[in-house]
Chemist: 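So that we are looking at the same thing, I have put the structure below in structure tokens.
Values in this document were obtained by computation on a predicted structure and should not be read as measured data. Computation of the quantities below employed the complete heavy-atom set of this structure, encompassing side-chain atoms and omitting hydrogens, waters and symmetry-equivalent molecules.
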Amino acid sequence: MATFSQSTIEKGSDMIQDFLCSTCEDKKLDNTADFYCQSCVKFYCRTCIGMHSQLFTKHAPYGRGAMKKWPVPKKVEDFLLKCDVHIDKNIKMFCSEHSELCCTNCAFLNHRHCQKVTLISDIVKSQSADLKHLSVSIQTILKEMKKLQDNQEASIQNVQSSYDEQLSRIQETRREINATLDTIEQKTLKEMKDTLTKLQASTKSEADKCIRLRDELKQLRDAIQDINEKSKLELYFIATRKCEDKIEQSTTFLNTNSLQDKLYITFQPNSEIVQYLSKLSGLGRIEHSTKTLMVQEDPNKVITVLRKSENNVKISSDSKRCMITGILVLPDRQVLVVDNNNNNVKLLDQQYQVVSHWSVTKCPIDICQITSSEVAVTVDNVKNNIHEVQFITVNNRQLVQGRKLQLLHRCNGIAYHHGDLYITSSTALYKYKLNGKLVSKMYEDTSRDYTVNRCAVSPTGDKLYFTNVWQNKLLTLARDGSVLATFTDPGLESPCGVHVTPAGQVLVCVRIWPDPFILQVDSEGKRKLAILMEKNCMLNPYSVCYNRHTASVIVGHQDNSIIVFKVQ
């Protein structure tokens, strides 16, 4: 029988059945077989089958279209028959009690006390196996295993990526601490310099006065030595008075300035700083979290609205009607909303009640998650030339302001994935590192303002989505910035916010008045799947976010509340 070629069984891969021509093999040629003759029990290539057909006119060889009638390859047979434990033995028996295949060694060592160890040759006489059904099951499991493997490999990359990212943050934290200590040092040095200047000026003034008094006393001493008995009485009187006055001044000066008094400058370190630092275990907490990937969910599964509710987010310090332009759900189920009208970011609890807020001077716009407790907010004000990304940490239900990235272009939409910040400027999409280093300008359209408005990134990071307000488009980009798809639709007017769910479902805010709605687009960004919000709902949606903890879609609009749609 023809040999099964070496490439038939590859480690960790599917079996690729390949046969060699028997005639060519006798000539030490490795030509793939295309026919099998059951009468000859041999394989033939396209060349050799011609001679075979001439010699054996009554034989009916089977081509590759009828490979089910070809014999099982020798290597496949050996692979199946080989015992997993005793590799030099073939499987001969089956233990029904343990549901295990056994070679003779296995049967003797592990199953000699079992009552139902039967020869496989006897079992097959009365039983048959449905290999087709098993093959389908294996294929299904293989697909799931491949998804799991991809997920695990992605997790390894995520861990390394997050490690590199957080290492950069540790170094940045150290630089910030160094900068703060440098500032404290400079303040201390200035204070000591000011003290030196003050003391030197005071001492010099006293020294100058001492010199002046000595000079005046010397002059009086020399003067009175020239006065004799023949001098005028008036001169005696004047000299006497001047000497007495100067002696009194000098005596007073000597009494207030002791020879023992010497000035020193000393420095007393602030021991609290050292004590505080010595008590710290590090520059911060090292945490790890698990982000559940919906590997089995369909990114094109249509979202259906079951019911909706409203939740007030207005606080007493708000002077204007709320306009929620950004929404984010944290892993601990707290929600952050960006109120553009009132220049603040609000933290909501799981019941969507405001528990704290952080105020900014001008125009916060969009928000994205960096870590389980840190977020980034775009802040942009053209009039005051403010273009920045503000980092905020959520700590004990409080919003703590962190570092800033000052940028040279406008900051509108923002998204984050594995160390990369994607920021829109209203006409371009940029990619940055977390330290503010510009990686690339991925896309640009300067034909009009807001051609690159809000952006979102897919869970795997392979696709980027952004809205074009004035041209009524949703564009999908690849990692390298190339355009994968441009979605247009008669109902897609003035698209604003865009969001991708953990399962990869794409949601777009459509602000056409008076019938705004939330549109679901397929993950390829090519076709409309559903409309979530009913028409005539009198909303003006600016932002949308999926809350996987409650299976809800949160919509931010120009009102004092957010709308929460319970979905399935």
Chemist: Counting only heavy atoms not in Leu408, do more than 12 fall under 6.0 Å of its CG?
Modeler: no
Chemist: Taking the side chain as every heavy atom from C-beta outward, state whether Gln149 and Glu153 have any atom pair closer than 4.5 Å.
Modeler: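 Gln149 vs Glu153: side chains touch.
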Chemist: Does some side-chain heavy atom of Val506 sit less than 4.5 Å from a side-chain heavy atom of Phe487?
Modeler: no
Chemist: Look up atom NZ in Lys431 and atom NE2 in His417, then write down how far apart they are to the nearest 0.5 Å.
Modeler: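 Here the rounded value is 11.0 Å.
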Chemist: Quick one: pull up OG1 in Thr451 and CD in Gln471 and give me the separation to the nearest 0.5 Å.
Modeler: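 Separation between the atoms: 6.5 Å.
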Chemist: Heavy atoms only: give me the nearest Leu336-Val375 pair and the separation to one decimal.
Modeler: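 That closest heavy-atom pairing would be CD1-CG1, 3.6 Å.
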Chemist: When rounded to the nearest 0.5 angstrom, what distance separates CG in Leu142 from NZ in Lys147?
Modeler: 12.5 Å
Chemist: Compare every heavy atom of Val394 with every heavy atom of Gln334, then report the nearest pair and how far apart it is.
Modeler: NE2-CG1, 3.8 Å
Chemist: Identify the two heavy atoms, one from Lys362 and one from Val379, that lie closest to each other, and give their separation to 0.1 Å.
Modeler: O-CG1, 2.8 Å
Chemist: List the steps, then state whether side chain to side chain contact (heavy atoms under 4.5 Å, CB included) holds for Thr325 with Arg454.
Modeler: CA-CA 10 Å; Thr325 57; Arg454 301 297 181 80; 3.5 Å; yes
Chemist: Between Ser356 (side chain only) and Leu347 (backbone N and O only), is there a donor and an acceptor less than 3.5 Å apart?
Modeler: no
Chemist: Okay, side chain of Asn300, backbone of Asp522: is any donor-acceptor separation there less than 3.5 Å?
Modeler: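 Pair absent, no side-chain N/O of Asn300 close to backbone of Asp522.
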Chemist: Aromatic rings Phe466 and Tyr443: how do their planes relate, parallel, tilted or perpendicular, breaks at 30° and 60°?
Modeler: tilted
Chemist: Would you mind checking if Asp449 and Arg410 are paired as a salt bridge, meaning a charged N to carboxylate O distance below 4.0 Å?
Modeler: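 The answer is yes: the pair qualifies as a salt bridge.
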Chemist: Is it true that atom CZ of Arg175 has more than 12 heavy atoms of other residues, nucleotides or ligands lying nearer than 6.0 Å?
Modeler: yes
Chemist: Looking at CG of Leu407 and CD1 of Ile386, how far apart are the two atoms once the value is rounded to the nearest 0.5 Å?
Modeler: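 The CG atom of Leu407 sits 13.0 Å away from the CD1 atom of Ile386.
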Chemist: Start with the C-alpha gap between Asn395 and Thr393, add the side-chain angles, then the distance that decides, and say whether side chain to side chain donor-acceptor pair (under 3.5 Å) holds.
Modeler: CA-CA 6 Å; Asn395 187 7; Thr393 300; over 6 Å; no
Chemist: Check whether the side chains of Asp318 and Asn344 place a donor and an acceptor atom closer than 3.5 Å, and report yes or no.
Modeler: yes
Chemist: Surrounding CD of Glu444 (heavy atoms of other residues, nucleotides or ligands, distance under 6.0 Å), is the total greater than 12?
Modeler: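 Correct, the count exceeds 12.
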Chemist: If we only count heavy atoms from C-beta on, is the Val457 to Val500 side-chain gap below 4.5 Å?
Modeler: no
Chemist: Report yes or no: does Asp339 contribute a side-chain atom to a donor-acceptor pair with the main-chain N or O of Met323 at less than 3.5 Å?
Modeler: yes
Chemist: Would Asn412 and Asn453 count as having a side-chain donor-acceptor pair, cut-off 3.5 Å?
Modeler: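 Per modelled atom types, Asn412 and Asn453 side chains form a pair under 3.5 Å.
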Chemist: Where the side chain of Asp366 meets the backbone of Gly413, is there a donor-acceptor pair that is under 3.5 Å apart?
Modeler: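 No, because the side chain of Asp366 does not come within donor-acceptor range (under 3.5 Å) of the backbone of Gly413.
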Chemist: Indicate yes or no: at least one non-hydrogen side-chain atom of Asn343 is less than 4.5 angstrom from one of Pro364.
Modeler: yes
Chemist: Strictly distance-based, threshold 3.5 Å: is any side-chain N or O of Ser543 a donor or acceptor partner for the main-chain N or O of Ile324?
Modeler: yes
Chemist: Check whether Asp480 reaches the backbone of Ser482 with its side chain - one donor and one acceptor, N or O, closer than 3.5 Å.
Modeler: yes
Chemist: Carefully, step by step, assess Val521 and Val498 under the rule side chain to side chain contact (heavy atoms under 4.5 Å, CB included).
Modeler: CA-CA 10 Å; Val521 181; Val498 57; over 6 Å; no
Chemist: Supply the atom-to-atom distance Ile315 CD1 to Asn560 CG, rounded to the nearest 0.5 angstrom.
Modeler: 11.0 Å
Chemist: Mind listing the closest non-hydrogen atom pair of Tyr542 and Cys509 along with its distance?
Modeler: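 The pair with the smallest heavy-atom distance is C-SG, 3.9 Å.
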Chemist: Hey, which of Pro459, Pro502, Ser523 is the one that makes side-chain contact (heavy atoms from CB on, under 4.5 Å) with Pro299?
Modeler: Ser523
Chemist: Is any side-chain N of the basic residue among Asp445 and Lys473 closer than 4.0 Å to the acidic one's carboxylate O?
Modeler: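 Looking at Lys473 together with Asp445, the answer is no, because their closest N to O distance does not fall below 4.0 Å.
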Chemist: Any heavy-atom pair between the side chains of Phe565 and Ser309 that's under 4.5 Å?
Modeler: no
Chemist: What's the shortest heavy-atom distance between Asn468 and Pro495, and which atoms?
Modeler: O-CG, 3.5 Å
Chemist: Do Leu477 and Tyr422 come close enough that some side-chain heavy atom pair is under 4.5 Å?
Modeler: no
Chemist: Judged by atom type as modelled, is there a donor-acceptor pair below 3.5 Å linking the side chain of Asp349 to the main-chain atoms of Gln351?
Modeler: yes
Chemist: Please round to the nearest 0.5 Å and tell me the distance separating atom CG of Asn342 and atom NZ of Lys314.
Modeler: 5.5 Å
Chemist: For a side chain to side chain contact (heavy atoms under 4.5 Å, CB included) check, start with the C-alpha distance between Gln390 and Val360, then their side-chain angles and the critical distance, and finish with the verdict.
Modeler: CA-CA 9 Å; Gln390 174 67 63; Val360 64; over 6 Å; no
Chemist: If you look at every heavy atom in Val305 and Leu532, which pair is closest and at what distance?
Modeler: CG2-O, 3.2 Å
Chemist: What's the verdict on side chain to side chain contact (heavy atoms under 4.5 Å, CB included) for His409 and His387, showing C-alpha distance, side-chain angles and the deciding distance?
Modeler: CA-CA 6 Å; His409 58 76; His387 313 298; over 6 Å; no
Chemist: Kindly indicate whether the side chain of Leu421, heavy atoms from C-beta on, has any atom under 4.5 Å from the side chain of Leu405.
Modeler: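 Of all side-chain heavy-atom pairs linking Leu405 with Leu421, at least one is under 4.5 Å.
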Chemist: Report yes if some heavy atom in the side chain of Ile327 is under 4.5 Å from a heavy atom in the side chain of Val335; otherwise report no.
Modeler: yes
Chemist: Step by step, work out the side chain to side chain donor-acceptor pair (under 3.5 Å) result for Gln166 and Thr371.
Modeler: CA-CA 10 Å; Gln166 299 310 312; Thr371 68; 5.9 Å; no
